[in-house]
2 protein chains.
Amino acid sequence: MKKVATIKEIAKALNISISTVSKALNDHPSIGTMTKDRVKAKAKELHYIPNQAARSFQQKKTNQIGLIVPSLRDQFYVECISGIEAEAIKHNYKVLLCQSHEDPQREVDLVNMMLLQRVDALIITTTKSTTNYDHIQELEQMGIPVLFFVRVPNDFPCHYIRNNAFDASQKATEYLIKKGHKNLAHIKGPVNLRTSRERAEGFQSALASHNIKINPSYIVTTDLSQNGNENAIKKLLSLAKKPTAVIAFNDLVALDAIEYIKKKDKTLLSQIEFSGFGNNRLLRYMDYPLTASVEEHPYNMGVEAIDILLQLIKADNEPSEYLQIVHSCELHTYR
Amino acid sequence: MKKVATIKEIAKALNISISTVSKALNDHPSIGTMTKDRVKAKAKELHYIPNQAARSFQQKKTNQIGLIVPSLRDQFYVECISGIEAEAIKHNYKVLLCQSHEDPQREVDLVNMMLLQRVDALIITTTKSTTNYDHIQELEQMGIPVLFFVRVPNDFPCHYIRNNAFDASQKATEYLIKKGHKNLAHIKGPVNLRTSRERAEGFQSALASHNIKINPSYIVTTDLSQNGNENAIKKLLSLAKKPTAVIAFNDLVALDAIEYIKKKDKTLLSQIEFSGFGNNRLLRYMDYPLTASVEEHPYNMGVEAIDILLQLIKADNEPSEYLQIVHSCELHTYR
DNA sequence: CTGTTAGCGCCTTCAC
DNA sequence: GTGAAGGCGCTAACAG
């Protein structure tokens, strides 16, 4: 078992002081080229590997970014993480990844853990039922920048990056309207999510601007479970006048709905068009694909998230302003 | 901006020594109950939050586990990560996640980074073209246990967890044979991967044990890109005697193949059955689903990976034996 | 240019 | 029971 050398040992081997070695290794300008070379040579010889843990400790900077997402089951977050990780590494930051599993208590624990770890910043997508943000705001008070990702609190100002759910939803709805639909329904997401509200509003706004009366029974809700999704479409199918187009909260909701219809009455399949959110990569393998899906560019959002945090980390002092980015989406149409 | 208290400040506030505070907070037996209570109360009052970075540094133990996977685009690894993260957190370990993007040089960099970070252990799925393992073996020499995950090197003994690709492939092939197929083809994965070989061998073994002659032109290869997948099926379709069943290297390969067939000649769809690996959750939404897919239980593999590593971390000394786990898979049939 | 000193926050002997 | 001292590996004044 090899042991790692420390700068101390390099110093001893070279008969110079520890600080000289330190400076030499860090290319400090005040060190002679020759000394630097000697030190570096010896460092290589002794298999010196700087101890990042020690460095983090003494510099009060870990170069780690905490990341808390609800779940890796959601392709969307996975894409985000992919972007986050790639961009973080590029800037010499490492990502500490955790899942809250939509459990607010677990979220609290994880956030506290991030505090223990002294991550330099935190990216968090809160639980769909998070209502108390104390634990998160505490981080900010301790000077750890927090970026709310996708799901952002309504009650107080904060740094965030989210996408323009309203606009996207409007686009999707409009696309279906232009395809001739008059009876459009919306399967809405969990009420706690701001995104749910925005997508619903975008939906309604599109109808309004085309002078289509909004039928309240055309708006149903799901908790995003398979069961919830099925119940939602069930309600819509039970209506005397069935909708001919459905804007679903996301792709999976739409797929579950379609699946349900397939089981119940295949003939209905051709009579209802679906639009989703997420533009899942596997959609293109589907045979009764959604008519359209909103592409949210999750990878890019991840990259941007890191870029924002790097700014905040650098700024360091109390932020004069909150960085708030609203990402625009585009509709990807399949037919 | 709140400042975090240190044990020093607690000590000062209480007029006792730092070491007493430290011991009190750690419930050291030699400290009086009353003192402990006073210390803990004051700690809470001052918003004391132990500095994990300092602790890691001084205990030479970070409680972090490095994780390097090729890509988050692959649903399989995502599921693994999910299990790894969940189990790690449960045992108070954190996961440092990185993607190699199948780039061996990047892999080297990441492994070295893990070394800098002094992670307590590393889980790695090597690049599909990794041939040199020096950087990884160096970790082991430094006392950092390494667990090869899914992709394991052939040349030397190591700790690993992988699944029984041979057996799984055999099962899948047999299932199709029992459904009456005589002309079975295999779309093989990249040659560098041991898994490719094993799946191919399982395929051949099944044929052999059913006295079906192996037709060499029925075995084609893909590099797993969409293009590669399409070329593979193209080759099979160009044969005078087309296969009626195809064991694909994984679900995505099968899906690309099916997609290709759809585009070329829909009538062929009903004449060729496909089996895949991975049992992607979205398969159930497909209308021309695979006939079967091998479920590899990635989440559980992730959990097990952590359990193994915890053993290795605890064992600490030179391992007397290599822990090698071969996970068995089961065939999930769709029709 | 190089060395000395001090300290980051915490834990662990070892005295008392 | 409690405290004093030392050190983990590294960096950053400051002094020479």
Side-chain angles (χ1 to χ4, degrees), chain A residues 2-40 42-43 46-64 92 115-120 142-144, chain B residues 2-40 42-43 46-64 92 115-120 142-144:
Chain A
K2 246 189 281 182
K3 228 205 88 206
V4 234
T6 67
I7 52 171
K8 199 174 174 179
E9 306 178 62
I10 299 179
K12 199 162 52 187
L14 253 38
N15 247 318
I16 58 179
S17 83
I18 295 180
S19 59
T20 303
V21 174
S22 170
K23 286 175 204 154
L25 290 172
N26 290 308
D27 271 323
H28 194 284
S30 77
I31 299 292
T33 328
M34 230 186 53
T35 317
K36 279 183 189 169
D37 290 346
R38 285 207 320 147
V39 169
K40 286 177 184 170
K42 183 59 83 176
L46 296 181
H47 289 293
Y48 170 72
I49 298 163
N51 185 328
Q52 184 59 43
R55 216 179 241 162
S56 296
F57 164 56
Q58 99 90 19
Q59 311 209 134
K60 299 173 185 307
K61 183 159 186 333
T62 54
N63 268 50
Q64 298 191 352
N92 195 29
L115 198 47
L116 288 184
Q117 291 294 318
R118 302 292 197 272
V119 293
D120 291 341
M142 314 256 307
I144 301 178
Chain B
K2 245 188 284 183
K3 230 206 87 209
V4 233
T6 66
I7 52 172
K8 199 174 174 180
E9 305 178 62
I10 299 179
K12 199 162 52 187
L14 254 38
N15 246 320
I16 57 179
S17 81
I18 294 180
S19 56
T20 305
V21 173
S22 169
K23 285 175 200 154
L25 290 172
N26 291 309
D27 271 323
H28 194 283
S30 77
I31 299 291
T33 329
M34 232 187 48
T35 319
K36 278 184 189 169
D37 290 346
R38 287 207 319 144
V39 169
K40 285 176 184 170
K42 184 58 84 179
L46 296 181
H47 290 292
Y48 170 71
I49 299 163
N51 185 327
Q52 184 58 44
R55 215 177 242 163
S56 295
F57 163 55
Q58 97 91 18
Q59 309 204 138
K60 298 175 186 308
K61 182 161 187 330
T62 54
N63 270 51
Q64 298 191 352
N92 195 30
L115 198 48
L116 288 184
Q117 291 294 320
R118 301 294 198 271
V119 293
D120 291 341
M142 313 255 308
I144 301 178

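Just so it is clear, the structure is predicted and the values come from calculations on it, not from any experiment. Labels below follow one simple rule: chain letters A, B, ... track the order of the sequence lines, proteins then strands, and each chain is numbered from 1.
Not counting sequence neighbours, B:Lys8 has no partner by the salt bridge (charged side-chain N to carboxylate O under 4.0 Å, His left out) test. Scored by the salt bridge (charged side-chain N to carboxylate O under 4.0 Å, His left out) test, A:Lys61 finds A:Asp120 as partners (sequence neighbours excluded). B:Ile144 is linked by a side chain to side chain contact (heavy atoms under 4.5 Å, CB included) to B:Leu115, B:Val119, B:Leu139, counting only residues two or more places apart in sequence or in another chain. For A:Asp37, the side chain to side chain contact (heavy atoms under 4.5 Å, CB included) partners at least two apart in sequence or on another chain are A:Thr33. Residues passing the salt bridge (charged side-chain N to carboxylate O under 4.0 Å, His left out) test with B:Lys40, sequence neighbours excluded: B:Asp27. With sequence neighbours excluded, the residues satisfying side chain to side chain donor-acceptor pair (under 3.5 Å) with B:Lys42 are B:Glu45. Legend: residues meeting side chain to side chain donor-acceptor pair (under 3.5 Å) with A:Gln117, ordered by chain and number and at least two apart, are B:Gln64. Contacts of A:Ser56 classified as side chain to side chain contact (heavy atoms under 4.5 Å, CB included), with partners at least two apart in sequence or in another chain: A:Gln52, A:Thr62. A:Lys23 pairs by the salt bridge (charged side-chain N to carboxylate O under 4.0 Å, His left out) definition with nothing, not counting sequence neighbours.
Residue B:Arg38 contributes atom CZ, which lies 12 Å from atom C1' of D:dT2 at whole-angstrom precision. As a whole-Å value, the separation of B:Ile16 CD1 from D:dG1 C1' is 11 Å. Separating the CD1 atom of B:Ile31 from the C1' atom of D:dG3 is a distance of 10 Å, rounded to the nearest angstrom. Distance B:Asn51 CG to D:dC8 P: 18 Å, rounded to the nearest Å. Following rounding to the nearest Å, B:Leu116 (CG) and D:dC10 (C1') show an atom-to-atom distance of 14 Å. When rounded to the nearest whole Å, the span between CG of B:Asp37 and P of D:dG1 equals 13 Å. Straight-line distance from the CD1 atom of B:Ile7 to the C1' atom of D:dA4: 14 Å, rounded to whole Å. Spacing between atom NZ of A:Lys12 and atom C1' of D:dG9 amounts to 14 Å, rounded to whole angstrom units.
Two residues are said to be in side-chain contact when any heavy atoms from C-beta on lie closer than 4.5 Å; A:Val4 and A:Tyr48 fail this criterion. Counting only heavy atoms from C-beta outward, the side chains of B:Asn51 and A:Arg118 approach each other to under 4.5 Å.
Along DNA chain D, the nucleotide nearest to B:Phe57 and the one nearest to B:Lys36 differ in position, and the one closer to the 5' end is contacted by B:Lys36.
Protein chain A contacts DNA chain C over a range whose 5' and 3' limits, counting nucleotides with an atom under 4.0 angstrom from a non-hydrogen atom, are C:dC1 to C:dG9.
In this structure, A:Arg55 reaches the D:dT11 phosphate: one of its side-chain N or O atoms is under 4.0 Å from OP1 or OP2. Within the structure, every side-chain polar atom (N or O) of A:Thr6 is placed at least 4.0 Å from both OP1 and OP2 of D:dG9.
One end of the helix from C:dC1-D:dG16 to C:dC16-D:dG1 points its axis 40° away from the other end's axis, with each axis taken from 5 pairs and the angle rounded to 10°.
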Could you list all N or O pairs between the protein and nucleotides 12-16 of chain D that sit under 3.5 Å apart?
unit_1: D:dA13; atom_1: N6; unit_2: A:Lys23; atom_2: NZ; d: 3.3

